[in-house]
Amino acid sequence: MVPASYNYRNLIVRWKTTLMTACGFMLVVAALIIMLAFVNGVRTVCAESGQPENVITMKQGCSDEILSQMDKRMVSRIEATPGVLRGDDGWPLASRELFMAITQRNEETQQYVQIQARGMYPVALLVHTQVRITRGRMFRRNHREVVLGIGVAREHQIHVGDKLPMGQLEWDVVGIFEAGGSAFESEAWCDMDQLAGHFHREGVYSSVVLRTASPAAAQQAVEYLENNRAVAVDVLSETDYYEKQAQQTNVLRAGAIVVSVFMAIGAVFGVTNTMFAAIGERVKDIAVMRILGFRRSEILISFLLETLLIALIGGALGMLFGYAINGLTLSTALGGKSVAFAFKVDAPILAIAGVFTLVMGVIGGLLPAMSAMRVEPLEAMR
Amino acid sequence: MSEPIIFVDDLHKVYRTGSVLVRALRGIDFEMAAGEFVSLMGPSGSGKSTLLNLIAGLDKPTSGRVTIGGQVISDMDEATVARWRSAHVGFVFQFYHLIPVLTAYENVELPLLLFNMSAAQRRQQVLTVLELVSLSHRLTHRPGQLSGGEQQRVGIARALVTDPMLIVADEPTGDLDTHTSDEILDLMQAVHESLEKTILLVTHDPRAAGRAQRRVQMDSGRLSVETEALQIDNCKLQIEN
Ligand SMILES: Nc1ncnc2c1ncn2[C@@H]1O[C@H](COP(=O)(O)OP(=O)(O)O)[C@@H](O)[C@H]1O
Ligand SMILES: [Mg+2]
């Protein structure tokens, strides 16, 4: 075997070219990781949001809460679904909710911000069991109070005790809640009657969420409602609902791969070019090694390894930069909603990036290494 | 002198460049004994390097045979002859041809990497030959940090490190001044005498050729005169005339 020191010494000797070529790999790998971490972060939010025991119902034909409107009659029928758990007071654990995206102009910055408000009754906390008030307290019935998801609170720098303008009035922020990283954390929760009254939506509901005893019971409730002609609803288990939302990210993921492949073509051309130049300067080295008895295959492997070394330097830098995005929080549109999420770089993403690096390295290195392999020692020495 | 080990039978080599045929060797018959030191002289283009390359298994003849130590190396395929070369031939080049990024030590170690040897065994062998060429104090120098003479000594160490039976040197002093050339030739002579290596030395320089036990003269692809070392002075006169 040609010693690896031969390769890395040469890389160090022409370190500027090495670094520039590696930079191409770095950009591709970093971009790939960032895009995949974005998708991963959004999917995580979706996965956290749904509880398998919960069933979400919306008006038929409305795939998203923001479009759904149901009246009291329909809602009462939904609440009568068999299998819905009951609270201590005997009422069904069914949460009527009114979801609204309120566009609000900030007087100081003159910018429009969107607040996603969800009006509800106290039963909501018994249905959405992953929700915890972590600061302050829950809003009170019939008061103009809101509790904010940690995602919105962070994004808009709002604290307990602040005022939140929604519509013509200001609402008191009385608490902050967390919901295991789910989409709820991007919402402002408040009293149903206050919200409906203020925006003239009395008697209108976006969704009803039913709490059942188990995922199997939830499935039965879904089937019951699907087959019930009297209620024209779209019904899904909450997990399925968010999974459907998550599927919107499939296009993004495919896009990320396509973009990365196009970028990779550039990086591959870069390293091919660099290696052809390097080999051109080292035909004498190759000739000597062949004369000493090294085989063609050993020369091929040596130069392929050298290309991979460049690829790995770039790939490692790319992973470092890509990993720096891990945990960064942003909001993105998902369906009709805006969802706060955190970029999530995990082991599978790093593995994909690693494989991507190696494949790019091999593709970029193959042609030059083959030309190195074909050097005829006596001709090269003349 | 011992038995002949190198047999060259009716060797022809024709190069083709486009439609032009160059008959570099036109029927060479030649033998070398084990441990013999032979110099090959002749005008530029007379076919010396071609013959050396064929004997060292670097190229294939158009016709004829090269047999070394009982093996017909002119018939071996490329991979086989490559491994044969690594075990049995040491090369010394006119322009040293050391690997620039490797140290003197690593350059000498390079041929040993083709063998199954422990690092310790390699180390011992490398240090031994570098000691032999008096370069123990230059182990970590790169070729660029060494003088021409020192580089050629590294080259000789590299040729010796695998303990080959044959050493071929194509104008090893062609790039050196007279004084340094003499040092290199002294070294080669010492190698021949103390290690009993078979050496084929191609050279332009009659003084270099004079170090050999036997001188072979080439002209237009044929061997012209063979001269015993004892008649060096006569030869010199002939050539200078
Ligand atoms: N690869 C080659 N292709 C074509 N012609 C060659 C090749 N190698 C050598 N020759 C020709 O063969 C002849 C002998 O060359 P060579 O053996 O190098 O001579 P010398 O070493 O004695 O100077 C020269 O005419 C040279 O031009
Ligand atoms: Mg020559």
Side-chain angles (χ1 to χ4, degrees), chain A residues 1-19 274-275 277-307 309-310 313 368-382, chain B residues 13 15 17 24 49-50 52-54 56-60 76-103 105-117 119 122 142-144 154-155 158-159 161-162 164 168 170-171:
Chain A
M1 273 299 167
V2 179
S5 54
Y6 172 70
N7 302 109
Y8 72 69
R9 297 269 176 75
N10 273 297
L11 289 180
I12 289 169
V13 166
R14 50 194 173 86
W15 62 273
K16 278 185 196 158
T17 323
T18 304
L19 270 188
T274 298
M275 287 309 293
I279 288 164
E281 283 166 16
R282 280 147 67 192
V283 280
K284 287 236 157 67
D285 289 7
I286 299 169
V288 170
M289 291 194 265
R290 291 288 313 283
I291 289 173
L292 292 180
F294 286 91
R295 293 199 208 100
R296 286 184 195 274
S297 56
E298 288 169 310
I299 303 292
L300 177 89
I301 289 168
S302 171
F303 280 93
L304 209 49
L305 275 179
E306 188 164 322
T307 317
L309 227 54
I310 298 179
I313 294 169
M370 276 164 61
S371 85
M373 180 182 85
R374 292 207 198 93
V375 165
E376 293 297 340
L378 287 179
E379 276 172 33
M381 288 286 205
R382 273 163 70 89
Chain B
K13 179 72 183 179
Y15 290 111
T17 353
S49 296
T50 303
L52 175 137
N53 291 340
L54 288 174
L58 277 179
D59 206 355
K60 292 226 164 206
M76 290 179 182
D77 65 46
E78 188 187 86
T80 317
V81 81
R83 279 297 185 253
W84 174 83
R85 266 202 316 270
S86 65
H88 299 295
V89 186
F91 290 87
V92 182
F93 305 96
Q94 177 176 1
F95 299 108
Y96 332 123
H97 289 317
L98 304 175
I99 308 282
V101 295
L102 300 183
T103 63
Y105 179 94
E106 290 163 338
N107 266 286
V108 174
E109 189 186 29
L110 195 59
L112 293 183
L113 298 175
L114 290 165
F115 299 91
N116 246 334
M117 289 174 78
R122 286 202 302 269
R142 304 274 167 92
V154 176
R158 180 176 66 185
V161 76
T162 54
V168 295
D170 197 344
E171 316 223 15

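Naming convention: chains lettered A, B, ... in sequence-line order (proteins, then strands); numbering from 1 in each chain. Scope of the values below: all heavy atoms of this structure, side chains included, with no hydrogens, waters or symmetry mates.
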Notebook entry, point to check: Given the rule in the salt bridge (charged side-chain N to carboxylate O under 4.0 Å, His left out) test, do A:Glu306 and A:Arg14 qualify, once you have shown the distances and angles that lead to the verdict?
Noted result: CA-CA 12 Å; A:Glu306 188 164 322; A:Arg14 50 194 173 86; 2.4 Å; yes

Note to self: Please tell me whether A:Ser302 and A:Asn7 have a donor and an acceptor in their side chains that are separated by less than 3.5 angstrom.
What the structure shows: yes

Checklist line | Interface residue of largest heavy-atom contact number with chain A, from B:Arg85, B:Glu106, B:Glu78, B:Arg83, under 4.5 Å | finding: B:Arg83

Check: Using a distance-only test with no angle check, is there a side-chain donor-acceptor pair under 3.5 angstrom linking B:Thr50 and B:Asn53?
Finding: no

Notebook entry, point to check: Quick one: what part of A:Leu378 sits under 4.5 Å from any heavy atom of chain B, side chain, backbone, both or neither?
Noted result: side chain

Margin query: To the nearest 0.5 Å, what is the distance between CD1 on A:Ile313 and CG on A:Leu19?
Written below: 7.0 Å

Notebook entry, point to check: Can you say whether the rings of B:His88 and B:Trp84 are parallel (under 30°), tilted (30 to 60°) or perpendicular (over 60°)?
Noted result: tilted

Item checked: Residue part contacting chain B, namely of A:Pro377, when any heavy atom lies under 4.5 Å -> neither

Checklist line | Pick from A:Met381, A:Met1, A:Met289 with the largest number of heavy-atom pairs that fall under 4.5 Å of chain B | finding: A:Met381

Next item on the list: Check each atom of B:Glu109 against the heavy atoms of chain A and say whether the ones under 4.5 Å are side chain, backbone, both or neither.
Entry: neither

Notebook entry, point to check: Given that the side chain runs from C-beta out, which part of A:Arg282 has a heavy atom under 4.5 Å from chain B: side chain, backbone, both or neither?
Noted result: neither

Checklist line | chain B interface, residue from A:Ile291, A:Val288, A:Val13 that has the most non-hydrogen pairs under 4.5 Å | finding: A:Ile291

Next item on the list: Tell me, for B:Phe93 versus chain A, whether the close heavy atoms (under 4.5 Å) come from the side chain, the backbone, both or neither.
Entry: side chain

Next item on the list: State whether a side-chain donor-acceptor pair under 3.5 Å links B:Tyr96 with B:Arg158.
Entry: no

